[in-house]
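Atoms considered below: every heavy atom in the structure, side chains included; atoms not considered: hydrogens, waters and symmetry mates. Being a predicted model, the structure only gives us computed values, none of them experimental.
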Amino acid sequence: APVRTGAFAQQTRRIMNKFVLRQSLLLLLTATIWGVAFVAQSVGMDYVGPFTFNVMRSIIGGVVLLPCIALLGKINGKGNTEAAKKMDGKERKTLFIGGIACGVLLCIASNLQQFGIMYTSVGKAGFITAMYIVVVPVLGIFFGKKVSGKVWCGVGIAVAGLYLLCMTESGFSVQKGDFLLMLCALAFSLHILVIDYFSPKADGVKLSCIQFFTCGILSGIPALLFEHPEFSAICRAWMPILYAGIMSCGVAYTLQIIGQKNMNPTVASLILSLESCISVLAGFQAEYQGCYSWVHVFLTDNLQGVSYSA
């Protein structure tokens, strides 16, 4: 019996390790897509307002998921028994409550982020947004979750990094965009905790779809009141809007909900915070892309001249 128990424990541990690895890879892919999306969001602001950008990306993200939901519904069709109908009713209520709650928080966080990007660099925006790595475990205290000494050490390191990042030639300075992004980090922290609560209880793809339509509708109200979006401007920003809508919303936020299922929210926030590193790299590449292009043209022209003279 002890031998069988030991073998069962080892098998269970291997299964759990595979599960954690799979979920972690999904969250890492999410962070990668989000990190690159900072550049798309920054470029999109050259053509449309922040509310308009979030309306378009959220609606596109929701529309992209509709065929996925239909396909998954056919594959995973349920029976028509009374028990299944009752269960579906309970699941539907939880699904809509969770989707709307996630959508409201996503609307607040994404619009704060979009406005913050207007007043700061892409890399700085990625770093400050990733401060949810600190906020999530701190908020967890109010839900009865213990915070280890390593987390408090992380708080100190993150604050020190934020200080160095916000330093200017005239001294320490927290700009308008930095403050908006700090509020954004708080909203995203609540978003992560809400997903942690609802993701084991509802279908991840449907939950993601509802949150996008909720976010899009709520963002549409101030967009119509204050920005008066024009179709021609939206068409000029089609590339960043499509990336943010399809990849950042439709793919990445859905992967977040699926990847966070039965994962420790603090561990999930640690992995998702890698978006800040990726945003710095993506921003660096985008900033110097023009320079690289000129160097490429210069070298190509000179090499062609050498070949012709030879």
Side-chain angles (χ1 to χ4, degrees), residues 12-38 40 57-58 60-62 64-66 68-69 71-72 75-76 91 94-95 97-99 101-103 105-106 109-110 113 126 129-137 139-140 143 145 151 154 184-185 187-212 214-215 243-279 282:
T12 303
R13 196 178 298 112
R14 281 196 296 267
I15 294 173
M16 287 301 298
N17 288 338
K18 288 181 180 179
F19 172 79
V20 171
L21 177 61
R22 187 192 70 181
Q23 302 298 90
S24 299
L25 290 174
L26 291 176
L27 293 173
L28 178 60
L29 180 57
T30 300
T32 303
I33 297 172
W34 281 351
V36 178
F38 275 100
R57 65 181 273 185
S58 298
I60 290 173
V64 165
L65 292 181
L66 290 177
C68 299
I69 292 172
L71 180 61
L72 292 173
I75 295 174
N76 302 321
E91 289 178 355
T94 303
L95 175 65
I97 293 174
C102 290
L105 288 171
L106 180 61
S110 59
Q113 185 184 69
T129 301
M131 286 292 287
Y132 57 67
I133 190 178
V134 174
V135 182
V136 168
L139 288 178
F143 295 95
K145 297 183 180 181
V151 173
C184 163
F188 270 128
S189 301
L190 294 172
H191 184 250
I192 289 173
L193 292 173
V194 170
I195 289 176
D196 177 65
Y197 178 80
F198 283 103
S199 60
K201 302 178 180 181
D203 182 271
V205 181
K206 292 179 181 178
L207 187 70
S208 185
C209 185
I210 293 172
Q211 80 164 346
F212 292 142
T214 302
C215 178
Y243 180 86
I246 296 174
M247 296 301 296
S248 181
C249 286
V251 176
Y253 277 108
T254 305
L255 289 177
Q256 179 199 8
I257 291 175
I258 297 172
Q260 265 195 246
K261 189 174 184 178
N262 297 321
M263 279 282 285
N264 186 315
T266 302
V267 175
S269 66
L270 282 168
I271 300 171
L272 292 174
S273 69
L274 290 172
E275 67 172 306
S276 62
C277 303
I278 298 167
S279 70

Distance in Å, L255 CG paired with Q23 CD, rounded so as to fall on 0.5 Å steps: 10.5 Å
Nearest 0.5 Å, please: how far is CZ in F19 from OG in S24? 9.0 Å
Separation of S189 OG from L139 CG (nearest 0.5 Å): 6.0 Å
Side chain to side chain contact (heavy atoms under 4.5 Å, CB included) with S208: which residues, sequence neighbours excluded? L65, Q211, F212, Y253, T254, I257
Residues that A31 engages under side chain to side chain contact (heavy atoms under 4.5 Å, CB included), provided they are two or more places apart: L274, E275
Could you pull out all residues at least two apart from S248 that satisfy side chain to side chain donor-acceptor pair (under 3.5 Å)? R57
Scanning both residues in full, the closest heavy-atom pair of C68 with V205 reads CB-CG1, 4.5 Å
Just how far is it from atom CG of D196 to atom NE2 of H191, taken to the nearest 0.5 Å? 12.0 Å
Here the pair of heavy atoms bringing C209 nearest to L66 is SG-CD2, 3.9 Å
In Å and rounded to the nearest 0.5 Å, what is the CG to CG distance from L25 to L29? 9.0 Å
Kindly indicate, with the supporting measurements, whether the criterion side-chain contact (heavy atoms from CB on, under 4.5 Å) is fulfilled by I97 and F198. CA-CA 9 Å; I97 293 174; F198 283 103; 4.0 Å; yes
For a quick test of reading the model, state the closest non-hydrogen atom pair linking G61 to C249 and the distance between them. CA-CB, 4.0 Å
Any donor-acceptor pair under 3.5 Å linking the side chain of Q260 with the backbone of A268? no
Of all heavy-atom pairs linking D203 and L95, the shortest is O-CD1, 3.9 Å
To the nearest 0.5 Å, what is the distance between CZ on F188 and CG on L105? 10.0 Å
Would M263 and L27 satisfy side-chain contact (heavy atoms from CB on, under 4.5 Å), going step by step from the backbone distance to the final call? CA-CA 10 Å; M263 279 282 285; L27 293 173; 4.2 Å; yes
Restricting to side chain to side chain contact (heavy atoms under 4.5 Å, CB included), what partner residues turn up for L71, sequence neighbours left out? I75
Specify the closest pair of heavy atoms between G99 and L207, including all atoms of both residues, with the distance to one decimal. N-CD1, 3.2 Å
What is the minimum heavy-atom distance between A109 and C184, and which atoms define it? O-SG, 3.4 Å
What do the steps show when you test L272 against Y132 for side-chain contact (heavy atoms from CB on, under 4.5 Å), and what is the final call? CA-CA 9 Å; L272 292 174; Y132 57 67; 3.3 Å; yes
Which residues satisfy the side chain to side chain contact (heavy atoms under 4.5 Å, CB included) test with I60, sequence neighbours excluded? V64, I241, L242, I246
How far apart are the C-alpha atoms of W34 and T129, what are their side-chain angles, what is the distance that settles it, and do they pass the side-chain contact (heavy atoms from CB on, under 4.5 Å) test? CA-CA 11 Å; W34 281 351; T129 301; over 6 Å; no
